[in-house]
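Since the structure comes first, as structure tokens, the remarks are kept for the end.
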Amino acid sequence: MAKLNMRPDKNPMPAQPPEVRAHNFLEVAKGYSEDAALDEAMRCLSCRDMPCVSGCPVNIRIPEFIGKIKEGDFEGAYRVISESSSLPAVCGRVCPQETQCEERCVRGKKGEPVGIGRLERFVADYHNEHDAGNISVPEPNGHRVAVVGSGPSGLTCAGDLAKKGYAVTVYEALHTAGGVLVYGIPEFRLPKAIVKKETETLEKLGVKIETNVIIGKTLTVDELFEDGFEAVFIGSGAGLPNFMNIPGEGYKGVYSANEFLTRSNLMKAYLDEPSTPIMKGGRVAVVGGGNVAMDAARTALRLGAETVYIVYRRSMEELPARREEVEHAREEGIIFRLLTNPTRILGYENPENARDPKNGFVTGIECIEMELGEPDASGRRRPVPKEGSEFVLDVDTVVMAIGTSPNPLIKNTTEGLEVNRRGGIVVNEDGLTSRVGVYAGGDAVTGAATVISAMGAGKTAAKAIDEYLTGKKEL
Ligand code: FAD
Ligand code: SF4
Ligand code: SF4
């Protein structure tokens, strides 16, 4: 075996140059070659106490899978990962590794941590390229479970149960399965083909995916039980957008980030003749500083915007988006207007001519400069407006990316389902809700969080549902 690699830096990730990628929707990061993966794996010290594993929400046995890469046994590495994670090609791409597994890696003390996420992506892509698609379908165990929502929590729960012989049906409100992985995260960060492969694998396992079914409207949770399902998992996410409640949010050209990204991702607004109206060209302001804001800003650029601003009320230090995404956005030319808060959206109004076709469209966003005061409840310094510092950014489109909440539809149509004051479904450590037989997990419980945490919740609930339906655990 080759010698340990004590270089302080990670093997760089090959990527499309910024000036090229800013005009296309192809994936930005291209992934490691076999040589780069082997070289990076040799940076791992195979620590006995495995600090990296405790940083992973699903406790992937990291040194073990990296050990397999060192031996050139990439399929063996895949088998190790897939014992803990059902979406490695997704998590290897979008997990916030820098605050999870890689944050605890000992190599990070005197240089960069081992590129665990990059290695995970390499292994998953290698498997997907070489996989013959043979899946052994387990014997049915006679039990039926319904899953609401096809995001990472729902897909993971469905997959784990199907592997145990459950007849699982996933109900999805949209016309495509995958949740935020398909309607939110853009193609240039997570190609949709990867998510499609995951949903196809589930279908081969026998999972039925019924799209265009809204639980709470088309069918209720109670009707699912009446139909013969013995347990229900709710993984309906947190897709209800928040707005600032400032004047002008009703003007044409103001979108929530969810709507903006869905139109681009699922309704193909990037085509030359799209079937859905969305901005083309012009100037765009995206309000917010998280991953969603970065995705919306970079999508706007690829849709042809001339100028794109990120408007964020705190400083770069508090910006919650992943560093890598912020760097990518900057390299592509997104302009960061930090310590800036919108106060009003301006629009074109022509009182002389109500039929003027420009009436009601966004023309700008009035903002005020901010300074940081004392820390607030979150521990971050509170932004305070600077008196008299108002100014206007001339823009044609405004995208609000200031967070989302769980939709109350399921709660309002399900008797006895307890939610907290933020609308999150209340569950115990097994994912069981206040209704017997009804489990929940992912963003529907926690509010907007991460793919890996949603996946972990789906796994926990699948285990608990199995224990409940086979009588291994009394409720
Ligand atoms: P979701 O993925 O939201 O899926 C819920 C599904 O349920 C949806 O398909 C929805 O249509 C469906 N649904 C809702 N209500 C109903 C109903 N009544 N009936 C039937 N179906 C219903 N996380 C990361 O880890 N890394 C990132 O880089 C990252 N980037 C992100 C970028 C964007 C733009 C967004 C929006 C989120 C991002 N996240 C990221 C967060 C992450 O995607 C979510 O935390 C995760 O997808 C939550 O999974 P979930 O299964 O709980 O819900
Ligand atoms: Fe790290 Fe995420 Fe992979 Fe866990 S799933 S090892 S946190 S990249
Ligand atoms: Fe390898 Fe880092 Fe984990 Fe140690 S902490 S086993 S070096 S990945």
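For this chain, numbers begin at 1 and follow the sequence in order. All figures in this text were calculated on a predicted structure; none of them were measured in a lab. Both ligands and their constituent atoms are indexed starting at 1 by order of listing.
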**Asked** Can you tell me the protein heavy atom closest to atom 2 (Fe) of ligand 3 and the distance?
**Response** Cys105 SG, 2.4 Å
**Fill in**
Among non-hydrogen protein atoms, atom 6 (S) of ligand 3 lies closest to Cys47 N, 3.3 Å
**Complete:** atom 53 (O) of ligand 1: closest protein heavy atom, distance to 0.1 Å, is Gly237 CA, 3.4 Å
**Which of the ligand 3 atoms, numbered from 1, are nearer than 4.0 Å to a heavy atom of Leu45** = 1 (Fe), 7 (S)
**Prompt:** So between Val90, Val180, Thr211, whose heavy atom ends up nearest atom 43 (O) of ligand 1?
**Reply:** Val180
**Asked** Does Arg189 come within less than 4.0 Å of ligand 1, judged by its heavy atoms?
**Response** yes
**Prompt:** When you measure from the side chain of Ser256 to the backbone N and O of Met400, does any donor-acceptor pair fall under 3.5 Å?
**Reply:** no
**Asked** Ala449 near ligand 1, heavy-atom distance under 4.0 Å?
**Response** yes
**Request:** Distance to 0.1 Å, residue and atom name: give those for the protein heavy atom nearest to atom 7 (O) of ligand 1.
**Result:** Gly149 CA, 3.2 Å
**Asked** Checking side chain to side chain donor-acceptor pair (under 3.5 Å) for the pair Lys217/Thr413: CA distance, chi angles, key distance, verdict?
**Response** CA-CA 8 Å; Lys217 271 201 173 156; Thr413 52; over 6 Å; no
**Thr220 side chain vs Gly216 backbone, donor-acceptor pair below 3.5 Å** = no
**Request:** Using the side chain to side chain donor-acceptor pair (under 3.5 Å) rule, take Gln97 and Arg118 through it: C-alpha gap first, then chi angles, then the decisive distance, then the call.
**Result:** CA-CA 9 Å; Gln97 297 109 13; Arg118 293 175 183 183; over 6 Å; no
**Message:** Can you confirm whether or not the ring centre of Tyr126 sits under 6.0 Å from the ring centre of Phe74?
**Reply:** yes
**Complete:** Atoms of ligand 1 under 4.0 Å from any heavy atom of Val94, numbered from 1 in the order shown, are 24 (C), 25 (O), 26 (N), 27 (C), 28 (O)
**Request:** State whether the side chain of Ser264 and the backbone N or O of Thr262 hold a donor-acceptor pair below 3.5 Å, judged by distance alone.
**Result:** no
**Complete:** ligand 1 to Ile410, heavy atom cutoff 4.0 Å, flagged ligand atoms 18 (N)
**Fill in**
For Gly442, the atoms of ligand 1 under 4.0 Å from one of its heavy atoms are 52 (O)
**Asked** Do you know the tightest heavy-atom contact between Lys411 and Leu417?
**Response** CG-O, 3.9 Å
**Complete:** Per-atom filter on ligand 1: closer than 4.0 angstrom to a heavy atom of Ile185 are 29 (C), 30 (N), 31 (C), 32 (C)
**Item:** Top protein contact for atom 4 (O) of ligand 1, by heavy-atom distance
**Value:** Gly151 CA, 3.4 Å
**Message:** Is there a polar contact between ligand 1 and Cys95, counting only N or O atoms under 3.5 Å apart?
**Reply:** no
**Message:** At less than 4.0 angstrom from any non-hydrogen atom of Ile214, what atoms of ligand 1 do you find?
**Reply:** 18 (N), 19 (N)
**Prompt:** Relative to the heavy atoms of Gly179, which atoms of ligand 1 are at a distance of less than 4.0 Å?
**Reply:** 2 (O), 4 (O), 8 (C), 9 (O)
**Message:** I'd like to know whether NZ of Lys196 has more than 12 heavy-atom contacts from other residues, nucleotides or ligands below 6.0 angstrom.
**Reply:** no
**Request:** Just do the side chain to side chain donor-acceptor pair (under 3.5 Å) check on Ser236 and Asn407 with the steps written out, would you?
**Result:** CA-CA 8 Å; Ser236 49; Asn407 191 312; over 6 Å; no
**Message:** Tell me the contacting part of Leu155 for ligand 1: side chain, backbone, both, or neither, using a 4.0 Å heavy-atom threshold, strictly below.
**Reply:** neither
**Asked** Where is the nearest protein heavy atom to atom 25 (O) of ligand 1: which residue, which atom, and how far?
**Response** Val451 N, 3.0 Å
**Request:** Considering non-hydrogen atoms only, spot the tightest contact between Ala162 and Val168 and give its length.
**Result:** N-CG2, 4.1 Å
**Whether Thr218 side chain and Ile215 backbone form a donor-acceptor pair below 3.5 Å** = no
**Prompt:** side chain to side chain donor-acceptor pair (under 3.5 Å) between Asp125 and Tyr32: does it pass, once the steps are laid out?
**Reply:** CA-CA 10 Å; Asp125 288 356; Tyr32 277 166; over 6 Å; no
**Check: Asp443 N/O within less than 3.5 Å of ligand 1 N/O** = yes
**Prompt:** If every non-hydrogen atom of Arg21 is compared with every non-hydrogen atom of Gln16, which pair is closest and at what distance?
**Reply:** NH1-O, 2.9 Å
**Asked** Does ligand 1 have an atom under 4.0 Å from some heavy atom of Gly235?
**Response** yes
**Asked** Can an N or O of Ser153 be found at a distance shorter than 3.5 Å from an N or O of ligand 1?
**Response** yes
**Asked** Nearest protein heavy-atom contact for atom 3 (Fe) of ligand 3: which residue, which atom, what distance?
**Response** Cys52 SG, 2.3 Å
**Message:** Minimum heavy-atom separation for Leu181 and Leu190, please, with both atom names.
**Reply:** O-CD2, 3.8 Å
**Prompt:** On the ring face of Phe188, is Arg298 found with NZ or CZ under 6.0 Å from the centre and within 45° of the axis?
**Reply:** no
**Prompt:** Against heavy atoms of Tyr171, which atoms of ligand 1 measure under 4.0 Å?
**Reply:** 20 (C), 21 (N)
**Item:** Nearest candidate to atom 6 (C) of ligand 1, where distance is taken over non-hydrogen atoms, out of Gln100, Glu172, Arg93
**Value:** Glu172
**Item:** Short N or O distance, Val292 and ligand 1, threshold 3.5 Å exclusive
**Value:** no
**Request:** Classify the ring geometry between Tyr468 and Tyr439 as parallel (under 30°), tilted (30 to 60°) or perpendicular (over 60°).
**Result:** tilted
**Asked** Are Arg330 and Phe336 in a cation-pi contact, defined as NZ or CZ under 6.0 Å from the six-membered ring centre and within 45° of the axis?
**Response** yes
**Request:** Check if Val213 has a non-hydrogen atom at a distance under 4.0 Å from any atom of ligand 1.
**Result:** yes
**Prompt:** If only atom types and distance count, is the side chain of Asn341 paired as donor or acceptor with the main-chain N or O of Arg313 below 3.5 Å?
**Reply:** no
**Request:** Name the closest protein heavy atom to atom 18 (N) of ligand 1, giving the residue it belongs to and the distance to 0.1 Å.
**Result:** Ile215 O, 2.8 Å
**Prompt:** Between Gly441 and ligand 1, is there a nitrogen or oxygen pair with a distance under 3.5 Å?
**Reply:** no
**Request:** Please report which non-hydrogen protein atom sits nearest to atom 1 (Fe) of ligand 3, along with the residue it belongs to and the distance in Å to one decimal place.
**Result:** Cys44 SG, 2.4 Å
**Fill in**
Listed as residue and atom, the protein N/O/S atoms under 2.8 Å from atom 4 (Fe) of ligand 2 are Cys56 SG
**For Ile465 against Ala231, the heavy-atom pair lying closest together** = CG2-CB, 3.9 Å
**Message:** So does Gly458 get a backbone contact from the side chain of Ser153, meaning a donor-acceptor N/O pair under 3.5 Å?
**Reply:** no
**Request:** List the closest protein heavy-atom neighbour of atom 15 (N) of ligand 1: residue, atom name, distance to the nearest 0.1 Å.
**Result:** Ser236 CB, 3.5 Å
**Asked** Does the N or O separation between Ala238 and ligand 1 drop below 3.5 Å for any pair?
**Response** no
**Asked** Quick one: does Pro152 get a heavy atom under 4.0 Å from ligand 1?
**Response** yes
**Message:** Could you work out, for atom 21 (N) of ligand 1, the closest of Ala440, Ser150, Ala173 by heavy-atom distance?
**Reply:** Ala173
**Prompt:** Does ligand 1 have any atom that is closer than 4.0 Å to a heavy atom of Asn407?
**Reply:** no
**Asked** Of all heavy-atom pairs between Arg302 and Asn24, which one has the smallest distance, and what is that distance?
**Response** NE-O, 2.9 Å
**Request:** Enumerate the atoms of ligand 3 whose separation from the nearest heavy atom of Pro63 is less than 4.0 angstrom.
**Result:** 6 (S)
**Complete:** For Asp295, the ligand 1 atoms with a heavy-atom partner under 4.0 Å come out as 32 (C), 33 (C), 34 (C)
